[in-house]
Amino acid sequence: MGLDKIGIAKRIAQEVKDGTYINLGIGIPTLVANFIPENINVVLQSENGLLGIGPFPEEEEVDADLINAGKQTVTTTAGSSLFSSSESFEMIRGGHVDLTILGAMEVSENGDIANWKIPGKMVKGMGGAMDLVASADNIIVAMQHCSRSGQSKLLEACSLPITGLNCVKKVVTDMAVLDVLPDGGFKLLERAPGVSVEEIQNATAGKLIVEGEIPEMQIG
Amino acid sequence: MGLDKIGIAKRIAQEVKDGTYINLGIGIPTLVANFIPENINVVLQSENGLLGIGPFPEEEEVDADLINAGKQTVTTTAGSSLFSSSESFEMIRGGHVDLTILGAMEVSENGDIANWKIPGKMVKGMGGAMDLVASADNIIVAMQHCSRSGQSKLLEACSLPITGLNCVKKVVTDMAVLDVLPDGGFKLLERAPGVSVEEIQNATAGKLIVEGEIPEMQIG
Amino acid sequence: MINKVVASPDEAVKDIQDNAILMLGGFGLCGIPEQSIAALLRKGVNGLTCISNNAGVDDFGIGLMLKTRQVKKMISSYVGENAEFERQLLSGELEVDLIPQGTLAERIRAGGAGIPAFFTPAGYGTEVAEGKEVREFNGKMHLLESWLKADFALVKAWKGDTSGNLIFKGTARNFNPMMAMAGKITIAEVEELVEPGELDPNAIHTPGIYVQRIFQGESYEKRIEQRTTKIK
Amino acid sequence: MINKVVASPDEAVKDIQDNAILMLGGFGLCGIPEQSIAALLRKGVNGLTCISNNAGVDDFGIGLMLKTRQVKKMISSYVGENAEFERQLLSGELEVDLIPQGTLAERIRAGGAGIPAFFTPAGYGTEVAEGKEVREFNGKMHLLESWLKADFALVKAWKGDTSGNLIFKGTARNFNPMMAMAGKITIAEVEELVEPGELDPNAIHTPGIYVQRIFQGESYEKRIEQRTTKIK
């Protein structure tokens, strides 16, 4: 009956290519790091100023001066580098990060993303999200297919305030893997185990494109 | 009969204030460093990426990786810092350098400077001069009062291609010290030893302002 | 070299007036100027505009100055973890200007570097773009953003020398170097203050030209927001 | 970490085609990519546009490529000490675009940092301003300048690791870090190549993300233009 967060993270990990630099957002995206195969060499960027995020520290290694963008204590790895916030966004804005994985509240069929603000709720701010989505060439969104109240989060047009336009390339949800086509529309690539095309169709408010047989995700 | 280059450099050294950061151009300005009193603490900036230029090296200290903007081998001092060219011009453009001392071919009575190009001659380029003159709040020009052919270099308007507009604050020549007034005009402050006001007047093509008794420079 | 040492945080902040515009380094609680904030609390200056990526937590960092109502306006990218902040914002006591993090960093850097305005793609098509000049470059839309400067920048470094050269540690660097550049007066607090010549000139992160005052802080708390350790 | 090591300068430059746009680090002869230049001479590629602060001297640096007529255009701030350069320029064989040094540095940095254009005061009122948009900020006139990018950036560092992290030495840093950012392919040559983990992460000048290829050069000449020593 669909994937859990771990399942979504595991599926996204399959999208990660050897020899690339990756920025992982807070939440499910952060989990992706745990499932990247050992034979794949990637470097994780943290927008607060670290390239080469290592694992969480041992209790005795904890260093208040070494955190990730989610403010969690982390470590460096062999080959890490540290830099300022402006240098960090030089990398991001300059298109040097190969893959960006983000959570979202809504994605539209033309690749718009909304993930920073809900009208009527306390606004916490966009952090680095607007820079990331405006700059990255390859953005994968990790999210639930529907909200808790059952509303589709894959829409014709976002209803929430936009974070960026025409930027999402792929969406991985608890139900499906979908490409956002350059001309608009969610192209269904894979179904979660036990989820039917019809269920995905019913849960997708934006234009869904289904061509041929849709395989089931292979998650190890 | 007027100052030599050393004399000009010595007189400019009197303008240097304690606790300041200074950029010295090539030529006479470079000589100024030799005459800054020992009780005056200043830091010299070299636009190729060094703050805190030390003296020329001993023969055995020479390091090809440590030069000034004139491409001469130099040393660092205790408290020096090294940085890239973009960081160097952040300092300059951001107005963090307190005093800039430059050579010039012409200065106009409204503070324009020409020091990079002579029509008909091979153009070598402006280097950092245009950035320096456009950014610095306090620019002193060190130059001969007249060209070798006897033409005044203090003009109503520059005849050579401009390096920057309304930027020179003071001019020290072999004959005189002059302020460039905000509303235009060279205000005569001091005469070189043995040089008369009349001689200065005759050598100054731009508007010269002479008020009261003009003292002779005191050069140690 | 020029000696920039002041005796205490209180001396360092003594001429910060009501309604001053401040920049404060740090990302979350990492690399914040703890001691200068404490001195501002003791001084009791009011009506401050604080440019800082975050706003601290209820009982640490800028959160302490929010509690004492010393802050009139925050300019930040993310102001999450702070209940008092939320209360003041909703009641209209506090103004907030939210800016994308990379744009915030670049605007501060531009302020220090003498670049009055630049184009960036971040925020195009969003409410951040409202009222801003839009221009297309290479088929992509960009916003014109202007520099940010401050009357005082309060930064925190790991090591510094008496002439103001600074070295940061780990991700505590974050916004500190750009803010040091963009403050009319930059006040640096360091964990270890040394003599000129003791720091490698090739390893300086912030050259002393950007620092007007420096002091060595005592007993840094360096609070951790999310202590996360390896799962055994 | 990602391994970027190539076996030789010749392998590093093997796909640089005729008419490519290159950036070459260095100020004067200090910090220039000697080995990559030598490889380009051996390769014999032609019609190059070279973005470099200077143009070398007659028998060293970019001057060597001028002699072999491999350069079509120079984009520089100062092209002084080079007789062959002067000859080609006056005869019209070589195009030259002269840019103020700070603007050149900032345009390259902008190319790497995704800033398509910015305003700078340098050059206002001069012939550099011809054809450029002018705008007043805070009572001062500024020019709009655009980013610079290159097909290949050739940089020279002191130490580097196999994943492309670089540390420069002394004033040999100069234009190298920004060029590393602005090259589609950045080729770094280093005097000492080490394993990841051997360089202090806090002391890296150019993070490895900017470097696509790295090799250790052999026997650097590092020629000095103005050997100036203390007068005894």
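Letters A, B, ... are given to chains in the order of the sequence lines, protein chains preceding strands, and every chain is numbered from 1.
A distance-only check finds no donor-acceptor pair linking the side chain of B/Asn41 to the backbone of C/Ile2 [under 3.5 Å]. With B/His96 contributing its side chain and C/Ala113 its backbone, the two residues share no donor-acceptor pair below 3.5 Å.
For the set C/Gly112, C/Gly164, C/Ser163, the entry with the most heavy-atom pairs within less than 4.5 Å of chain B is C/Gly112. When the candidates C/Thr206, C/Leu199, C/Ile115, C/Asn3 are compared by the number of heavy-atom contacts under 4.5 Å with chain B, C/Ile115 comes out ahead. In terms of heavy-atom pairs under 4.5 angstrom with chain B, the leader among C/Pro196, C/Pro201, C/Gly197 is C/Pro201. The residue among C/Thr162, C/Ile209, C/Asn165 with the most heavy atom pairs within less than 4.5 Å of chain B is C/Ile209. By number of non-hydrogen pairs under 4.5 angstrom with chain B, the leading residue of C/Lys4, C/Glu195, C/Glu198 is C/Lys4.
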Could you walk me through whether C/Ile204 and B/Leu82 pass the side chain to side chain contact (heavy atoms under 4.5 Å, CB included) test, one step at a time? CA-CA 7 Å; C/Ile204 302 293; B/Leu82 295 153; over 6 Å; no

Could you walk me through whether B/Met91 and C/Met181 pass the side chain to side chain contact (heavy atoms under 4.5 Å, CB included) check? CA-CA 8 Å; B/Met91 289 176 199; C/Met181 294 168 59; over 6 Å; no

Verdict with reasoning, C/His205 to B/Phe83, per side chain to side chain contact (heavy atoms under 4.5 Å, CB included): CA-CA 9 Å; C/His205 295 136; B/Phe83 35 84; over 6 Å; no

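Closest approach of C/Tyr210 and B/Glu87 over heavy atoms only: OH-O, 4.0 Å.
For C/Lys43, the NZ atom is densely surrounded, since the number of other residues' heavy atoms within 6.0 Å is greater than 12. Around NZ of C/Lys169, the count of heavy atoms belonging to other residues, nucleotides or ligands within 6.0 Å exceeds 12. Residue C/Lys132 places its NZ atom among more than 12 non-hydrogen atoms of other residues, nucleotides or ligands, all under 6.0 Å distant. Other residues, nucleotides and ligands place more than 12 heavy atoms under 6.0 Å from the CD atom of B/Glu216. By the 6.0 Å contact criterion, NZ on B/Lys207 is open, its count of non-hydrogen atoms from other residues, nucleotides or ligands being 12 or less. No more than 12 heavy-atom neighbours from other residues, nucleotides or ligands sit within 6.0 angstrom of CD on B/Glu156.
Residue contact with chain B, scored on non-hydrogen atoms closer than 4.5 Å, involves the side chain of C/Asp161 exclusively.
Atoms OG and CG, from B/Ser80 and C/Asp200 in turn, are 11.0 Å apart once rounded to the nearest 0.5 Å.
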